[in-house]
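Following: one structure in structure tokens, then a few remarks.
Note: hydrogens, waters and symmetry copies are ignored here, and every other heavy atom, side chains too, is used. Predicted model, so just to flag it, every value in this text is computed and none were measured. Each chain gets a letter, A, B and so on, in the order its sequence line appears, and its residues count up from 1.
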Amino acid sequence: MAYKALYLFRFGGLNLFLPTIGEIYKMNYNFREIEAKWQKYWAENETFQATNQSDKPKFYALSMFPYPSGAGLHVGHPLGYIAGDIYARFKRHKGFNVLHPMGYDSFGLPAEQYAIQTGQHPAITTETNINRYREQLDQLGFSFDWSREVRTSDPKYYKWTQWVFIQLFNSWYNKVSDKAEDISTLVSTFEGEGNGRVEAVCDEDTPVFSAEDWSDFSAKTKQEILLKYRLTYLADTEVNWCPALGTVLANDEIVNGVSERGGHPVIRKKMTQWSMRITAYAQRLLDGLDTIDWPQPLKDSQTNWIGRSEGASVTFKVKDYDAVIEVFTTRPDTIFGASFMTLAPEHDLVSQITTKEQKEAVETYVQATAKRSERDRMADVKTISGVFTGAYAEHPFTKEPVPIWIGDYVLASYGTGAVMAVPCGDQRDYDFAKHYSIPIPNIFEGIDISEEAFADKANTIIANSDFLNGLSYKEATTKAIAELEKLGQGQGKINYRLRDAVFSRQRYWGEPFPVYYVDGMPQMIDLEHLPLELPEVEKYLPTETGEPPLGNATHWAWDAKNNKVVSNEMLKKVEHDRHSELDSESHEGVYPIELNTMPGWAGSSQYFNRYMDPHNDEAIYSQEAIGYWKDVDLYIGGSEHATGHLLYARFWQKFLFDKGIAPKKEFAQKLINQGMITGASAFIYKDLDSNQIFSKGLKDGKNVIPIHADVSLVNASDELDVEGFKKWQPEYKDAEFILEDGKYVVGREIEKMSKSKYNVVNPDAICEEYGADSLRLYEMFLGPLEQSKPWNTAGITGVHSFLKKLWKLYSPFMDGSLSAVEAEPTAENLKTLHKTIKKVEEDIENFSFNTSVSTFMICVNELTAQKCSSKAVLEPLAILVSPYAPHIAEELWECLGYSESIANAPFPKFEEKYLVESTKEYPISFNGKLRFKLELPLEMGREEIEAAVMAHDRTKEQLQGREPKKIIVVPGKIVNIVG
RNA sequence: GCUCGAGUGGUGGAAUUGGUAGACACGUUGGACUUAAAAUCCAAUGGCCAUUGUGGCCGUGCGGGUUCAAGUCCCGCCUCGAGUACCA
């Protein structure tokens with residue numbers, strides 16, 4: 001009651017109680033103190049630890065774990081984490097048992113490159129960086145369950161990465177059951193009947209053999225054959241080799257022909273590499289996309305990446321040679337239009353079939369293309385080049401000779417590396433034919449092809465094509481395939497662009513393969529002897545003989561008898577008296593260990609499952625744990641992983657599903673791509689001919705180059721601190737800055753946030769000035785989560801003052817005391833509250849976090865105006881705000897008299913009845929033009945509303961005695977009168 | 001080239017999916033408080049016109065269309081962004 005008296009006093013304008021210094025300190029929203037207090041509380045009380053058993057429904061909210069780079073976090077990094085954290089906290093309020101873990105993708109190139117430069121062990125750099133990341137993450141108040149932290153570079157973790165690799169090695173893909181099976185089932189089939197009837201995804205050069213053949217094969221041959229079936233296998237692959245980085249790069253690590261990291265040139269090179277038979281899963285990876293709620297653009301890019309195309313494979317006999325050329329075509333209906341064939345210059349048959357006369361020209365051409373880098377080839381797509389081999393193939397139906405050309409527009413890596421060229425139906429074939437004056441037969445009814453090819457399937461009617469005449473694309477395709485099958489020269493086929501994924505990297509800082517070699521054949525190390533830990537090396541560069549960095553290790557040989565790593569000296573000692581070791585059941589010697597390491601995506605392909613049971617040393621995770629958590633309910637991360645991590649992780653998950661290790665075919669049901677927060681770089685304009693630097697408005701007409709200036713030297717109105725700049729870049733200390741209106745104004749450009757562009761905004765500084773809650777709210781307020789948007793610190797005062805107002809709402813006496821009273825809330829209070837509950841709940845469910853921040857602001861403004869201090873309103877409001885601004889919410893919650901954390905307080909229930917009003921404003925509109933408003937009782941029906949509207953003066957005035965043609969009443973919305 | 005996505009005030013962005021366009025915030029301007037600054041509070045703020053007053057016209061990239069009613073739906077363009085690329 002005393003409070004209430006005070007309260008009335010204060011709002012009555014008679015503030016007689018002057019606060020003491022201590023009270024002033026308390027009465028303000030002291031975010032520094034509050035945030036430190038609650039971060040400590042959460043850590044000490046393990047508030048966010050999830051249990052693997054609960055009566056509550058489960059919810060798994062995951063954000064992509066970061067690579068801990070040396071630069072630390074900038075304001076762009078936490079965006080997705082904040083969104084994920086809001087959702088996780090929301091779900092806790094909603095009564096879910098929430099798993100919200102975090103960890104580090106801590107293997108990677110930067111740590112290794114730093115090691116090369118400084119000699120410091122990558123583990124040390126990584127540890128330092130992780131500690132820094134942790135500090136920054138803690139500062140932002142995330143509700144992560146840190147007891148489940150994983151690091152991909154931790155041997156306890158990568159033990160299981162190695163284990164999955166072994167499972168893949170011990171599996172083959174059975175097309176009949178359409179899943180991965182244990183390699184032992186394949187071996188018993190080979191023993192029983194050979195491989196004639198085996199339908200597997202395997203290497204193309206796999207020979208056909210009988211059961212007898214199999215038993216006669218040497219142990220080594222058997223292993224070689226099995227390697228052609230295993231889901232991870234060794235093969236000579238043409239790879240993207242980056243000499244500058246000394247490593248192989250995946251396709252998605254190359255941008256415009258140069259390495260994504262560092263921009264070094266990349267060349268094609270053949271190497272023996274581990275590969276993953278991801279192509280076995282191409283169709284299932286495609287089909288699975290329909291079952292998951294992922295962003296359409298991301299699905300599209302995976303679909304494109306997999307690149308399914310339906311068509312036919314056709315074999316052409318080569319005239320005068322005992323050889324056939326197999327081609328893949330999506331247009332078997334146009335087969336009568338094929339007037340030549342083109343092989344990729346790298347095609348195996350080229351050297352065999354080339355005639356004497358053409359030999360020189362062909363060889364020159366092949367060499368010339370080999371020399372051209374991928375980048376050059378891409379740069380000039382327009383140039384048409386090719387050479388005739390002198391050989392002819394035989395058309396399967398007409399038996400006419402078809403000249404065989406080679407040309408670099410045909411890619412060795414796609415399809416069979418050969419095409420049947422139908423110039424009338426494909427623009428590239430058309431251009432090629434025109435260029436070399438090859439005939440262009442027209443096989444389309446009523447189509448003019450004198451200028452360009454006709455590629456429109458939908459409007460195709462085939463002509464001049466024997467049995468295909470008069471048929472549509474669809475009919476002709478079916479018919480052509482049927483006829484080809486009769487001849488034994490073709491069949492329907494589905495082709496994928498997706499290639500098997502190269503899995504070896506010539507790096508130090510990655511997972512070692514659990515593999516040693518006996519007679520050059522890979523052997524797996526048993527689970528009980530894992531992890532195989534990274535050895536120490538003197539230097540982190542490739543060896544002088546070009547071996548990967550692990551070649552520098554002195555202690556990197558496998559003692560197969562004692563199952564441990566021994567020094568390379570031992571290797572030499574035992575090696576010379578080894579016989580056919582593969583034949584003996586157990587290997588007792590000392591053998592070399594694989595020198596490559598695994599790529600970055602290895603560790604990230606199973607981490608989400610490992611979080612479920614991260615400390616399990618007996619299994620990758622227990623079946624109880626994964627049986628409970630099953631899959632990720634919400635995954636938040638960047639779209640740049642669309643065809644990398646997100647595809648590989650789906651592949652591993654499907655494999656683990658086949659093996660009965662994972663219960664779900666897809667690891668993440670819903671995925672959201674958070675947009676990038678970009679930086680507004682600042683530029684100064686240096687005159688090229690003098691020592692002058694021009695302000696933005698004066699640079700036009702001058703010969704200037706823009707130079708990045710650090711954004712911290714620029715104020716909100718784009719004015720540069722010139723003295724600060726000179727201090728920062730002493731090379732310009734004598735430069736003359738030409739000002740406009742007494743100021744130096746910088747130019748702005750939106751770019752990706754990056755250290756080298758000096759546009760990085762650090763969250764630490766923001767937290768120091770405004771607090772983590774302000775930063776969290778502001779990052780959400782900036783715009784829709786999925787959209788990329790530039791950072792602009794200026795606007796943060798808006799959300800910060802919202803928090804201050806919120807604080808005041810709970811503390812109107814300005815003395816730090818609790819103001820919430822047991823007073824009955826007014827109808828107005830409840831209306832404001834329930835409006836907010838409804839909107840905020842909807843917004844969170846729809847991931848429209850930006851609009852809910854506005855809703856909070858409106859709510860607090862209204863409640864302040866209403867002078868609301870009722871507990872019945874302020875309690876639920878604290879819960880509503882808590883996912884967004886958890887620290888202040890906890891503090892308010894405590895002020896309201898609770899000793900438990902707000903984290904598990906139930907989310908307020910929305911009740912429609914509080915929004916109901918007695919009257920409603922109806923906007924009235926005439927012919928969509930004149931508008932006025934009319935307030936009418938809510939319970940009025942349609943006819944009553946019409947009558948009330950017609951009786952109104954404005955209506956009469958407008959209608960001037962005429963009868964209205966039509967009256968449209970949309971319930972609760974608008975009344976429209978058409979006069 | 002192909003595949004997606006987006007164009008709304010000075011700025012970031014709202015708009016219950018066809019129903020009063022510009023919520024909320026930044027910025028700007030004016031005012032209050034202050035010796036002053038900061039902080040805080042109040043008011044105005046799409047454009048043009050009218051103005052003592054309630055007002056009027058135009059406005060969601062451009063051009064058409066459907067509808068009583070279009071930022072939202074349809075047709076045709078333009079621009080920007082993202083992904084991808086000689087894929088047979």
Among B:C4, B:C87, B:U40, which nucleotide has an atom closest to any side-chain atom of A:Ser801? B:U40
At less than 4.0 Å, is any side-chain N or O atom of A:Asn850 found next to OP1 or OP2 of B:A14? Yes or no. yes
Taking the inter-plane angle between the rings of A:Phe856 and A:Tyr884 on a 0 to 90° scale, is it parallel (under 30°), tilted (30 to 60°) or perpendicular (over 60°)? perpendicular
Closest approach to the side chain of A:Ser301, judged atom by atom: which nucleotide of B:C86, B:C24, B:G83 is it? B:G83
Across every strand shown, the nucleotide meeting Watson-Crick or G-U wobble geometry with B:U54 (both distances under 3.5 Å) is none
Among B:A85, B:A88, B:C86, the nucleotide that comes nearest once only the side chain of A:Arg497 is considered: B:A85
Selection from B:C24, B:U84, B:C87 that lies nearest to any side-chain heavy atom of A:Ser854: B:C24
Any chance you could measure A:Phe444, atom CZ, to A:Ile462, atom CD1, to the nearest 0.5 Å? 5.5 Å
What is the distance from atom CD1 of A:Ile384 to atom OH of A:Tyr430, rounded to the nearest 0.5 Å? 11.5 Å
How would you label the contact of A:Pro784 with the nucleic acid (heavy atoms, under 4.0 Å): base, sugar-phosphate, or nothing? sugar-phosphate
Between B:U40, B:G83, B:A25, which nucleotide has the shortest distance from any of its atoms to the side chain of A:Met857? B:A25
May I ask you to verify if any side-chain N or O of A:Gln296 is less than 4.0 angstrom from the OP1 or OP2 atom of B:G5? no
Touch class at under 4.0 angstrom, heavy-atom based, for A:Glu842 against every strand present: nothing
Classify the ring geometry between A:His641 and A:His645 as parallel (under 30°), tilted (30 to 60°) or perpendicular (over 60°). perpendicular
Out of B:A88, B:C24, B:U40, which has the shortest distance to the side chain of A:Phe781? B:C24
Under 4.0 Å, heavy atoms only, any strand: does A:Lys835 hit a base, just the sugar-phosphate, or nothing? nothing
As its Watson-Crick or G-U partner within any shown strand, both distances under 3.5 Å, B:U28 has B:A44
Round to the nearest Å and state the distance from A:Met420 atom CE to B:A88 atom P. 12 Å
Does a nitrogen or oxygen in the side chain of A:Lys804 sit under 4.0 Å from OP1 or OP2 of B:U40? yes
Can you confirm whether the side chains of A:Tyr409 and A:Asp429 place a donor and an acceptor under 3.5 Å from each other? yes
Who does B:C4 pair with, Watson-Crick or G-U, both distances under 3.5 Å? B:G81
Output the rounded distance in Å from CG (A:Asn673) to P (B:C4). 17 Å
Pair A:Glu768 + A:Arg32, salt bridge at N-O below 4.0 Å: yes
Write down the distance between CD (A:Gln787) and P (B:C80), rounded to a whole number of angstrom. 18 Å
Distance check: side-chain N/O of A:Asn792 vs OP1/OP2 of B:G13, anything under 4.0 Å? no
At 4.0 Å (heavy atoms only), tell me whether A:Asp300 reaches a base, stays on the sugar-phosphate, or touches nothing. sugar-phosphate
Under a 3.5 Å limit on both distances, the Watson-Crick or wobble mate of B:A36 is none
Contact class for A:Asn846 (heavy atom, under 4.0 Å): base, sugar-phosphate, or nothing? nothing
Paired to B:G19 by Watson-Crick or G-U wobble criteria (both distances under 3.5 Å) is B:C68
